[in-house]
Amino acid sequence: MEYVSPEGLRLDGRRPMEMRQIRAEIGAVSRADGSAIFEMGNTKVVAAVYGPREVQNRSQQMSDQALIRCEYSMANFSTGDRKRKPKGDRRSTEISMVIRQTMEACIMTHLMPRSQIDIYVQVLQADGGTRSACINAATLALSDAGIPMCDLVTSCSAGYLNSTPLLDLNYIEDSAGGPDVTVGILPKLDKVTLLQMDSKLPIDILENVMQLATEGCKAVANYIREILLENTKQLEYRRGV
Amino acid sequence: MRGLQLPLTQTQKVRLQNALQQLESLSSKVNSDASVTVADSISVNHEEGVLKGHGTADINGDLVATLCGVVERVNKLVYVRALRSRYKPEVGDIVIGRVVEVSQKRWRLEINYSQDAVLMLSSMNMPDGVQRRRTAVDELNMRSIFEEKDVVCAEVRGFQRDGLHLQARSQKYGKLNRGQLLTVPPYLVKRQKQHYHHLEQYGVDLILGCNGFIWVGEHVEAKDDMVEDQVNHSNRNSASLEEQEKNYTALETRKYICRAANAIRVLSTLGFNMTLEIIKGVIDLSLSLNLDIHDMLGSEFYVLVAEKEAERRSSSKKKR
């Protein structure tokens with residue numbers, strides 16, 4: 001199948017280096033300490049953060065830092081065919097662990113000893129790149145909750161089909177069986193916190209694809225920064241003196 | 001807007017937008033310029049020897065914000081004040097909490113902090129008012145003082161090794177009955193001289209806890225500790241069932257309690273500061289419009305409150 005037409009257009013009309021449209025909203029879950037909805041094209045994800053609060057399980061309490069827990073689940077209606085087990089299957093457990101490790105790298109846990117921070121991420125609509133959308137949503141939700149972080153974490157995926165590096169794969173391109181590289185970075189510190197890949201790729205092409213994904217992450221970071229700044233200003237002027 | 005899931009008609013949307021824009025124009029320009037996001041660098045003159053406060057971090061020699069908020073500078077201290085975050089306790093704050101556990105010689109209260117606060121048995125007045133050492137019998141009878149899910153008002157005593165300690169040694173503090181507990185974000189409640197307010201015209205008590213928990217309830221007369229010939233109230237618990245039934249709150253008072261609670265809910269959703277004047281203003285507005293209590297949570301009242309607040313702030317700015 002042709003994923004990149006001879007004119008250089010992909011299946012959904014994008015150019016190879018073009019990302020899908022991103023949209024974010026803060027404060028979707030009013031009950032949570034911090035929450036956000038993040039959309040990358042048709043992929044929609046909601047993240048809710050509770051914490052820092054008292055540790056539920058006393059045996060897991062750490063006297064010098066906060067405990068980070070993360071749960072990833074996909075809604076039954078998020079995929080084409082109705083999903084039977086929203087969480088607890090191997091993929092969800094793996095992605096939960098991945099998101100937890102990524103966020104733990106940037107949250108300053110030593111500032112909140114003996115407490116627990118819960119991150120719940122749920123996919124409402126899955127169209128490729130759910131992992132990246134979840135990490136972006138979790139970053140927004142953590143900032144909304146006022147949890148100190150050393151930097152934002154943004155994530156984006158890239159692939160290689162028809163000998164072209166493609167940025168931000170959707171579901172059809174993802175299921176093509178080609179390589180899918182997910183990168184998560186700390187944009188200000190310019191460090192990589194997450195690097196995952198499916199399938200096989202020669203190492204010189206991997207560099208290109210990873211570079212492309214990193215550019216995508218930086219674009220997401222700019223957007224997230226704008227949204228957070230706008231939100232902070234709004235809260236401040238509403239509150240008044 | 002967070003929490004506002006009401007359908008607004010086109011005119012209501014336009015009016016709300018105008019009111020919010022007016023509030024934005026009235027706000028301090030300094031604060032909006034000083035807003036930062038995570039990982040924004042804070043401009044600092046390096047020769048000054050700046051003290052790096054909360055919400056900042058020194059990364060590669062650069063001062064960087066770790067929170068989303070507003071940068072505050074006090075002499076040499078630079079810190080970032082986060083808006084929506086959990087409560088940050090200070091000694092002497094009046095807080096309201098809910099009992100989650102009765103354990104050995106202490107109660108654990110949930111106060112919207114990163115841990116549960118501890119109220120020691122020894123920091124609590126005994127029902128008979130006598131100052132004495134707490135015995136094992138007292139410890140077994142702890143449940144008769146506070147149980148799980150009770151709402152308690154107390155003061156922050158300080159941080160000890162096992163967490164935050166509270167004390168409820170005066171008659172002002174203790175169990176709160178006959179009223180509603182509301183949760184608002186802590187940044188909307190400022191620390192002031194008075195946290196207990198008695199709205200005389202309505203017969204309603206209003207306690208603004210610094211942790212964002214607000215109590216609205218029937219007015220309770222504060223008993224004086226020092227008066228010796230006061231009637232011993234320990235017999236009150238054995239009152240007959242008919243007497244207890246007669247002790248219910250009057251309908252009018254209950255209506256006022258609900259009105260005050262709804263006023264606080266509206267203000268919290270709109271994100272306005274919680275002070276006594278503003279809350280009273282909203283209650284008066286609803287009474288002057290003869291609104292039903294449940295209509296206060298409708299879209300029209302939200303828009304009216306936003307407009308009124310914009311008016312109030314602009315008039316107070318003109319006075320200055």
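Each chain gets a letter, A, B and so on, in the order its sequence line appears, and its residues count up from 1.
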What is the minimum heavy-atom distance between A/K188 and B/S41, and which atoms define it? NZ-OG, 3.2 Å
Would you say that more than 12 heavy atoms from the other residues, nucleotides or ligands in this model lie under 6.0 Å from the CE of A/M197, or not? yes
Would you say CD of A/Q21 has more than 12 non-hydrogen atoms from neighbouring residues, nucleotides or ligands within 6.0 angstrom? no
Should we say atom CD of B/Q160 is surrounded by more than 12 heavy atoms from elsewhere, each under 6.0 Å from it? yes
Nearest heavy atoms of A/K233 and B/S35, plus distance in Å: CG-OG, 3.7 Å
Passes side chain to side chain contact (heavy atoms under 4.5 Å, CB included), B/H54 versus A/L111? Steps please. CA-CA 10 Å; B/H54 288 299; A/L111 294 176; over 6 Å; no
Measure A/I147 against the heavy atoms of chain B and call it side chain, backbone, both or neither at under 4.5 Å. backbone
Going by heavy atoms in the side chains, are A/M149 and B/T66 under 4.5 Å from each other? no
Below 4.5 Å, heavy atoms only, C-beta onward: do A/N231 and B/C68 meet side chain to side chain? no
Does any part of the side chain of A/P52, heavy atoms only, come nearer than 4.5 Å to the side chain of B/R86, both counted from C-beta? yes
Looking at A/R114 and B/R161, what are the two nearest heavy atoms and their distance? NH2-O, 4.2 Å
Name the region of B/V36, side chain, backbone, both or neither, that has any atom closer than 4.5 Å to a heavy atom of chain A. backbone
Chain A contact via B/L23 - which portion, at a heavy-atom distance below 4.5 Å: both
Around atom CD of A/E94, are there more than 12 heavy atoms from other residues, nucleotides or ligands closer than 6.0 Å? yes
Let me know if B/Y187 has heavy atoms under 4.5 Å from chain A in its side chain, its backbone, both or neither. both
I need the B/E24 CD to A/E236 CD distance, nearest 0.5 Å. 12.0 Å
Could you tell me whether the side chain of B/L270 reaches within less than 4.5 Å of the side chain of A/R238, counting heavy atoms only? no
Distance in Å, B/S114 OG paired with A/M112 CE, rounded so as to fall on 0.5 Å steps: 8.0 Å
For A/P187, is it the side chain, the backbone, both, or neither that has a heavy atom closer than 4.5 Å to a heavy atom of chain B? neither
Is there a side-chain contact between A/R53 and B/D116 in this structure, where contact means two heavy atoms from C-beta onward sitting under 4.5 Å apart? no
Do A/Y237 and B/L26 have side-chain heavy atoms sitting under 4.5 Å apart? no
What are the two closest heavy atoms between B/R84 and A/A32, and how far apart are they? NH2-O, 4.0 Å
side-chain contact (heavy atoms from CB on, under 4.5 Å) with A/S143: which of B/T37, B/L67, B/V38? B/V38
Taking the side chain as everything from C-beta on, heavy atoms only, tell me whether A/R239 gets closer than 4.5 Å to B/F272. no
More than 12 foreign heavy atoms under 6.0 Å from CG of A/D64: is that the case here? yes
Report the option among B/S25, B/A306, B/A39 that has the most heavy-atom pairs separated by less than 4.5 Å from atoms of chain A. B/A39
